[in-house]
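Notes follow the structure.
Everything quoted here is computed from the prediction, not taken from an experiment. Lettering of chains follows the sequences in order, A, B, ..., and the numbering in each one begins at 1.
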Amino acid sequence: MMNIDMRTRKSPMQKLDGRTKLIALSVIFVLVLLFSHPAYILALLGVVMVIWWSAKLPLQTIKDLFKYFLVIAVIILVVQIFFYPGQTELIRLSNPVPAIGFSGFITLEGILFGVAMVLRLVVIMIVAPLMVLTTPLPELMLALVKLKIPYRFAFIMTTALSLLPSIQSHAAIIQQAQLCRGITYDTAGKFFTKLRASVALLVPLILGSFRDSQTLEIAMSSRAFGAPVKRTFLLDSQFSKIDYLILAVTIAILVTGIVLRILGFGVY
Amino acid sequence: MSTQDPSNIVPPAQPAQVRTYKARGRIFGMSIAVMSIWAAMYIAASAIPALPVPGMAGMITVNAIMTAISGMVLGPAAAIANAAGGIVSMILFPYGFSAGPLGFLTVTMGGLVAGLLFANKWVWAAVFELIIIGAWFVNPQSWQTGMWMVPLPYSAIALLVILVKPLRDWTRRSILTQHKVWMWPAVFLMCTVGHAAEFMTTNTLVNWMFNLSWQYWVPTLPYWIMVDTVVILASTIVGVGVLIGLKKARLPNYADTLEQ
Amino acid sequence: MSALVEFNNVTYTYARSTKPAIEDISFSIEPGEFVALIGPSGAGKSTLCYCFNGSIPQLFNGSMSGNLNIAGCDPFEDDIPVLAQHVGLVVQNARTQLFNVTVIQEVGFGCENLGLPRPVILERVKQALDFVGLSGLEEREPTALSGGQQQRLAIACVLAMDPEILVLDEPTSELDPIGAEQVMDVIARMNQELGKTILLVTHDMEFVTKYASRVMLLNDRRLIMDGTPQEIFSKVELLAQSRIRPPQVCEVAEGLRQLGYRLDPLPVTLDDMVQSLKVLRHG
Ligand SMILES: Nc1ncnc2c1ncn2[C@@H]1O[C@H](COP(=O)(O)OP(=O)(O)O)[C@@H](O)[C@H]1O
Ligand SMILES: [Mg+2]
């Protein structure tokens, strides 16, 4: 878990309405999928980095994340460099190998496209954390509800998150008990050991947790959950001038992006 | 004071009227409480980082197992619970989601297709399964050499289970009656349906996002088949244990809803 | 004046159970009473509690007979949110009934669902937190509180909805003595200062004698005794059959009685005992 206490940080990003952030970041996500030209994606990455910097988030988080995505990044890069059907020959490696669809040389287009896809991966994977690192969960839920996501669905998400600590301590207790029977979890890398441990953990965890569902349901109902009236939200958030400004800019960028794409720009 | 105040005891004039009640406020037969708890377990499972690999269902191990069995435990509501858990985990622990912010779609599909099938809404299950497979082939990329093989190993089996009536009925019946022997292969098939829907959605998303060509997909196919088989086998063991345990302890599970 | 709560021959059977969980239960409760419900585990105490706000029969599959009247509502028909405005139900396990991210959201949850105006909710949340002694913790995570604080928080959550009746299912069973004492203090003050009607399920007989004006004993699905603490705790044998151990004071007093001391009414607290012995000695 990226343990960054949101309350201790005060940045311009945190003052924005949750909806603004959600919409803006979704637009970035859409744009990065829309374009496949490295220059365009690099520009988007620049925007994301500026947001990241203005939100005063640590760069370390991105580095940590990238560790997990390194394998995919390398695969993407290698596959595109060797197999992208480009024209501009840079390095000739061998004769064409039709069996594996390799032209025998590495092309400029292949490299650029590979770089574009890796950049796309980077943008995609840091966009979502950007949202949560700058928005306390209740605000995120409020934003979702205000954007017409059904309240019940948002409720499941928040409730799940607040039940998380008790589930985790439940799991820890099960694991403790299983340690005595020789089932370990920290033998890193050993796929089958991990798998066996998962199997041994899941059955008691699911059964034990479901046992609480009855009291949870009664407790929720006892506090008028699902009453057929318009619900009040204690937490409230209104668009400020800056929100409107950012939304306007975001939408302008989205429209421009779509137009550019239709005109054939930004595609590789 | 009395053991029961005699004046209070009025002998009923006729046998007391007994009314039977069905639980209210459920979505697809499941309570919001159960879905929240499932989602919470899902998030807890995501806290265990696993290496994401394109073509591999969202995450190896715990999450993949949970998705594969979710349909049998929760029915179609699994889609909602998985989606909620998936969205939160993807935001908190983005490590395992090779499809980025859309990663939650993969686990949603896994729960949805298997849940619909288990609820015997097989037409809908078929529709969503075909959408998943269709989305793979809509991408021109997928018409390259040998790419048609990628959905074959498990999505094709899933489609068979969904569409062939005797197979479908036998699978559902064996699980619902918790047949001592046949429950195992039946749960295996049901896990196949769930897992196949999940990883095929991942494949499709990754293919659209990163344009990986056949040189990646085709040679790695045997490897995926192996890994997915292991995941499905593990899911089968967990699934059988969970289903039997839930029934024994009278805990919420979708089979109950079907019986009512 | 009619009773606030009336049960008439209520029987409830969970789906797929062969035996009822509660059988032929009849009693009534007047406004302002403090009733303790005691009984061995599995007797059906929790099941009886769930009947108070319609959780039974509405949230379970099962069958039910009899008649119920809770503050003018019919739990068979009226929706739980309607009943929840009359009955605050605190279920057995404090941890599972806290599911919000902050304390203030937790306490406001019920009123939010009822659609009350924001200022009203904020005022009620403040009062409820004040009453249970948790003011100042508004922004904390409920899971980060101590067991006793969590239990008082759970009480605040239903108190904020301002019900006439509070039903508390074993609120102190998992607490240390100090935490339990604080929770019991809150419950007693709700009865005395706010005039709430209380139904308290507990295994702690000392609390029962100290606070309750009436005791109901549930054993093996049936209500077998209903009376004042003095009346109930003098039936040592009946209690023993139900695996209930009366307060030590009562055991001593009952022993003294059998030796020929005239202790009437039976002292149930230490103070009563001292008083009775003084009377015996001097008068
Ligand atoms: N959801 C349920 N389904 C079936 N039986 C139940 C359920 N909940 C409780 N019971 C049964 O009802 C009886 C009374 O339980 P309960 O009301 O919890 O007792 P107590 O609170 O006094 O310990 C027990 O025999 C228990 O097994
Ligand atoms: Mg109980």
Does any backbone or side-chain atom of [X] lie under 4.5 Å from a heavy atom of chain B? Answer side chain, backbone, both or neither.
X: L205(A); result: both
X: L161(A); result: both
X: M220(A); result: side chain
X: I218(A); result: neither
X: F225(A); result: side chain
X: F210(A); result: both
X: Y84(A); result: neither

| Can you tell me if R120(A) uses its side chain to pair, donor with acceptor, with the backbone of M209(B) under 3.5 Å? | yes
Specify which of [options] makes the most heavy-atom pairs with chain A at under 4.5 Å.
options: L251(B), V88(B), I80(B), V218(B); value: L251(B)
options: V73(B), I69(B), N211(B); value: N211(B)
options: Q144(B), M35(B), Q215(B); value: Q215(B)

Of all heavy-atom pairs between [X] and [Y], which one has the smallest distance, and what is that distance?
X: L164(A); Y: A40(B); answer: CD1-O, 3.6 Å
X: V199(A); Y: A234(B); answer: CG2-CB, 3.9 Å
X: F210(B); Y: Q80(A); answer: O-NE2, 2.8 Å

Please round to the nearest 0.5 Å and tell me the distance separating atom [atom1] of [X] and atom [atom2] of [Y].
X: L102(B); Y: L33(A); atom1: CG; atom2: CG; answer: 7.0 Å
X: I167(A); Y: I43(B); atom1: CD1; atom2: CD1; answer: 9.0 Å
X: I206(A); Y: I65(B); atom1: CD1; atom2: CD1; answer: 9.0 Å
X: I75(A); Y: T220(B); atom1: CD1; atom2: OG1; answer: 8.0 Å

| remark: Hits for ring-ring contact (aromatic ring centres under 6.0 Å, His included) against W136(B), two or more places apart or cross-chain, chain-then-number order -> W217(B)
Chain A contact via [X] - side chain, backbone, both or neither, heavy atoms under 4.5 Å:
X: A249(B); result: side chain
X: W214(B); result: side chain
X: I37(B); result: both

| Heavy-atom check, side chain of R26(B) versus side chain of E217(A), under 4.5 Å | yes
| said: The criterion is side chain to side chain donor-acceptor pair (under 3.5 Å); which residues satisfy it with R24(B), sequence neighbours excluded? | reply: Q58(C), D79(C)
